[in-house]
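These notes are about the structure you will find just below.
We number each residue from 1, following the sequence as shown. Note that the structure is a prediction, hence the values are computed from the model and not measured. Both counts, for ligands and for their atoms, begin at 1 and track the order of listing.
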Amino acid sequence: MLVDTHCHLDFQQFDADRDEVIRRAGEAGVQYILNIGATLESSRGACELASRYAQVYAGIGVHPHDSRLFDRKAEVELRELALKEKVVAVGETGLDYYRNLSSRQEQISAFNRQISLAKELDLPLVIHSRQAEEEALRILKEAMPVRAVIHCFSGDENFLKGCLDLGFFVSFTCNITYKKAQGLRDMVKLTPLDRLMLETDAPYLSPEGFRGKRNEPFQVKLLAEAVSLIKGVGFEEIANSTTGNAISFFKLR
Ligand code: NI
């Protein structure tokens with residue numbers, strides 16, 4: 001069994017065939033799907049999917065891109081959403097200094113407030129960090145103790161070590177299969193199995209051979225196979241450990 005710990009099935013890319021996508025995932029052995037919120041609206045969508053499908057769980061949060069929209073009202077609504085059944089994380093939240101769609105100040109403020117919310121609600125954080133590793137780590141360190149997973153890991157060895165030292169989990173997407181992603185594959189090698197999780201980030205980041213197409217949660221199987229090859233560990237062991245990590249980290253049941 002496998003878990004896709006991060007995808008966005010509430011997005012309109014899935015409007016035409018969402019049932020089918022979720023069915024296909026189940027057939028590929030994906031036991032649970034975590035639909036992670038990116039905006040208030042998509043956090044609502046995540047909760048709605050979680051209530052409709054037994055295998056879907058929700059994260060609620062505002063992506064760093066949309067930090068400028070994270071006001072008091074948004075915080076109040078996130079807090080309300082968090083009370084719904086099957087909400088298992090706050091996220092995605094964090095910093096994105098690559099695209100800078102919100103100012104750095106807005107990003108840091110929204111990040112800090114979502115960290116506080118996660119602590120208040122006793123939920124783990126799903127962290128998005130792109131070209132902001134040092135700052136993200138500094139903020140998280142200050143906020144300790146927190147439980148966090150670094151989603152779509154794209155940092156270097158230093159960042160990886162910093163995250164592991166704080167007890168965080170690291171999650172990899174299908175971009176580790178890209179021809180030019182040897183650096184990422186090295187990070188997969190360095191991540192202990194008891195800290196590693198899998199995610200598709202669908203509809204984004206389709207694996208090599210499917211690039212440019214919509215990604216789907218069933219591809220987490222291909223991802224597990226890739227991790228198995230990179231680490232030289234059997235597929236079953238990769239599936240068991242990543243699934244066990246996801247179940248205990250997000251308290252799925
Ligand atoms: Ni995402």
In short, ring-ring contact (aromatic ring centres under 6.0 Å, His included) pairs touching residues 222-253 with sequence neighbours left out are Phe169-Phe249
Does anything in residues 165-181 form a salt bridge (charged side-chain N to carboxylate O under 4.0 Å, His left out)? List the pairs, not counting sequence neighbours.
Lys161-Asp165, Lys179-Glu208
Under 2.8 Å from the Ni ion (ligand 1), which protein atoms of type N, O or S occur, listed by chain and number?
His6 NE2, His8 NE2, Glu92 OE2, Asp201 OD1
Hey, does the side chain of Asn35 reach the backbone of Leu9 with a donor-acceptor pair shorter than 3.5 angstrom?
yes
Who are the side-chain hydrogen bond (donor to acceptor under 3.5 Å, both in side chains) partners of Thr242, not counting sequence neighbours?
none
Side-chain donor or acceptor of Asp66 paired with backbone N/O of Leu69 under 3.5 Å:
no
Is it the case that more than 12 heavy atoms not belonging to Gln182 sit under 6.0 Å from its CD atom?
yes
